[in-house]
Amino acid sequence: MKFKMAEKSLFAMLLRSPWWVSFLVVGLIVMAAGALLPKEYFVVGALAGFPILVVGCIAAWKQLRAPNPARVAEMLDAVASMPWRSFADTLAAAWTRAGYAVERLPANGAADLCLTQDGRTTLVSARRWKAATHGVEPLRELHAAIQARGSSGGIYVATHGQLSDNARLFARDHGIAVLQGDAVAVLLLSQR
C-alpha cells in the first residue's frame, strides 16, 4: 500500500515552502513552550517541534539538490528549440541516469518510450511536448496503450502549454502522471 500525503496538510505545505520556514516554525514552538509552559514541561513542549524540524531538514536537502531557477529556464529554452529526435534522446538519457531501462517504441504508437525498473513498466508519451494546448485525446491513446501492453502506469510529457480541464481529470482518474514545464527541466538536469 502506497501512502500519499494530503496536499493541504501542514507537512506538505512546509515541504513546498523554503526550508527556513520550517525552522522558523520550530523556533516559534520552542519560544511558545518556554513562555507558556512550566519549567518541568518545557522539554515536552519543545519536542512538539521535532516532526517539523525533520520536515525542514528534508525540505533543505531537496532544495539544496534541486537545480537553480536560471538553469531550469535555460533547459526549457533548449528544449523548445530541440527537434523531436534530440528531445527523445535527452529524455531517454535522463531516465537511464535515474536507473530505468529505456526502450524506444515505434513512431506510430501512442507511447514513445517504455521505462522498466524493478519489474514495473511505464509508458511515456512525449511527442506533443511543444503543443500549446493538450486535450484529452492523446491521454486516451496513452491509456489504451498502457492497457494493451499491461503496463503499470503512464507519463505524459508537456513542456509548453496547458492541459485542458478534461485532460487533467482524465490523467488523474486513470493514474497517468503529467510531467510539465519545470518538472521536465529538473528531470533533464538531474544527475545520479
Side-chain angles (χ1 to χ4, degrees), residues 2-9 11-13 15-17 59 62-63 65-67 69 71-118 120-190:
K2 188 174 182 180
F3 293 103
K4 184 169 173 139
M5 189 181 305
E7 190 175 316
K8 294 184 179 179
S9 72
F11 295 131
M13 289 188 293
L15 279 172
R16 290 189 303 266
S17 300
K62 285 183 174 184
Q63 290 167 19
R65 294 186 64 206
R71 289 197 60 213
V72 169
E74 271 179 38
M75 179 54 77
L76 286 175
D77 290 341
V79 164
S81 65
M82 284 182 186
W84 161 245
R85 174 70 70 203
S86 297
F87 181 64
D89 291 342
T90 306
L91 274 178
W95 271 309
T96 300
R97 282 192 311 272
Y100 290 90
V102 180
E103 173 191 351
R104 299 286 293 265
L105 299 176
N108 57 354
D112 304 304
L113 302 169
C114 179
L115 310 177
T116 306
Q117 186 179 49
D118 299 330
R120 297 181 50 156
T121 61
T122 303
L123 296 183
V124 178
S125 175
R127 184 141 313 147
R128 292 176 42 92
W129 88 100
K130 288 185 184 181
T133 313
H134 302 268
V136 74
E137 195 54 40
L139 291 164
R140 280 193 181 121
E141 292 171 4
L142 177 59
H143 183 256
I146 291 168
Q147 289 181 323
R149 198 166 168 124
S151 295
S152 54
I155 300 173
Y156 184 78
V157 179
T159 59
H160 296 87
Q162 296 295 319
L163 255 65
S164 69
D165 291 337
N166 287 340
R168 192 172 308 286
L169 290 172
F170 185 87
R172 185 196 68 199
D173 293 344
H174 292 90
I176 298 173
V178 177
L179 200 60
Q180 282 186 288
D182 290 357
V184 176
V186 169
L187 170 70
L188 298 178
L189 289 169
S190 66

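In what follows, residues are counted from 1 in the order of the sequence shown.
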- [ ] Dump the intermediate steps for side chain to side chain contact (heavy atoms under 4.5 Å, CB included) on Gln180 and Tyr156, then the final yes or no.
- [x] CA-CA 8 Å; Gln180 282 186 288; Tyr156 184 78; over 6 Å; no
Open item on the list: Restricting to side chain to side chain contact (heavy atoms under 4.5 Å, CB included), what partner residues turn up for Ala145, sequence neighbours left out?
Closed with: Ala110, Leu123
Task: Least distance between heavy atoms, Leu163 atom then Ala158 atom - done: CD1-CB, 4.4 Å
Task: Approximate separation, where rounding is to 0.5 Å, of Leu188 CG and Met75 CE - done: 5.0 Å
- [ ] Can you sort out the partners of Ala101 under side chain to side chain contact (heavy atoms under 4.5 Å, CB included), two or more places apart, ordered by chain and number?
- [x] Thr116
TODO: Mind checking salt bridge (Lys or Arg N to Asp or Glu O under 4.0 Å) for Glu137 and listing every partner two or more places apart, or none if nothing turns up?
DONE: Arg140
Task: Summary of salt bridge (charged side-chain N to carboxylate O under 4.0 Å, His left out) pairs that have at least one residue in residues 72-84, sequence neighbours excluded - done: none
Task: Steps toward side chain to side chain contact (heavy atoms under 4.5 Å, CB included) verdict (Val124, Leu105) - done: CA-CA 10 Å; Val124 178; Leu105 299 176; over 6 Å; no
May I have the list of side-chain donor-acceptor pairs in residues 171-179 shorter than 3.5 Å, sequence neighbours left out?
from, atom 1, to, atom 2, distance (Å)
His174, ND1, Phe170, O, 2.9

- [ ] Looking only at non-hydrogen atoms, find the nearest pair between Arg97 and Leu187 and report the distance.
- [x] NH2-O, 4.0 Å
Task: Contacts of type side-chain hydrogen bond (donor to acceptor under 3.5 Å, both in side chains), residue Arg149, not counting sequence neighbours - done: Glu103
Task: Nearest heavy atoms of Gly99 and Gln117, plus distance in Å - done: O-NE2, 3.4 Å
TODO: Determine yes or no for a side-chain-to-main-chain donor-acceptor pair under 3.5 angstrom, with Ser86 supplying the side chain and Met82 the backbone.
DONE: no
Task: For the student: nearest non-hydrogen atoms of Val136 and Ser164, plus distance - done: N-OG, 4.3 Å
TODO: Indicate yes or no: at least one non-hydrogen side-chain atom of Trp95 is less than 4.5 angstrom from one of Ile155.
DONE: yes
Task: Those residues that, when tested against Ser81, pass side chain to side chain contact (heavy atoms under 4.5 Å, CB included) (two or more places apart) - done: none
Open item on the list: Side chains of Ser125 and Val157, heavy atoms from C-beta outward: is any pair under 4.5 Å?
Closed with: no
- [ ] Applying salt bridge (Lys or Arg N to Asp or Glu O under 4.0 Å), name anything that partners Asp89, two or more places apart in sequence or on another chain.
- [x] Arg104
Task: Over 12 non-hydrogen atoms of neighbours within 6.0 angstrom of CZ in Arg16 - done: yes
- [ ] Using the test side-chain hydrogen bond (donor to acceptor under 3.5 Å, both in side chains), find all partners of Arg168 that sit at least two apart in sequence or belong to another chain.
- [x] none
- [ ] Check Arg127 against Asp112 and note the closest heavy-atom contact, atom names and distance.
- [x] NH2-OD1, 2.7 Å
- [ ] For Asn166, check side-chain hydrogen bond (donor to acceptor under 3.5 Å, both in side chains) against everything at least two apart and list the hits.
- [x] none
Task: Shortest non-hydrogen contact between Ser152 and Thr122, atoms and distance - done: OG-OG1, 4.3 Å
Open item on the list: Using a 3.5 Å distance criterion without hydrogens, assess whether the side chain of Glu141 forms a donor-acceptor pair with backbone atoms of Ala111.
Closed with: no
Task: Any residue meeting side-chain hydrogen bond (donor to acceptor under 3.5 Å, both in side chains) with Ser151, in chain and number order, not counting sequence neighbours - done: Thr121
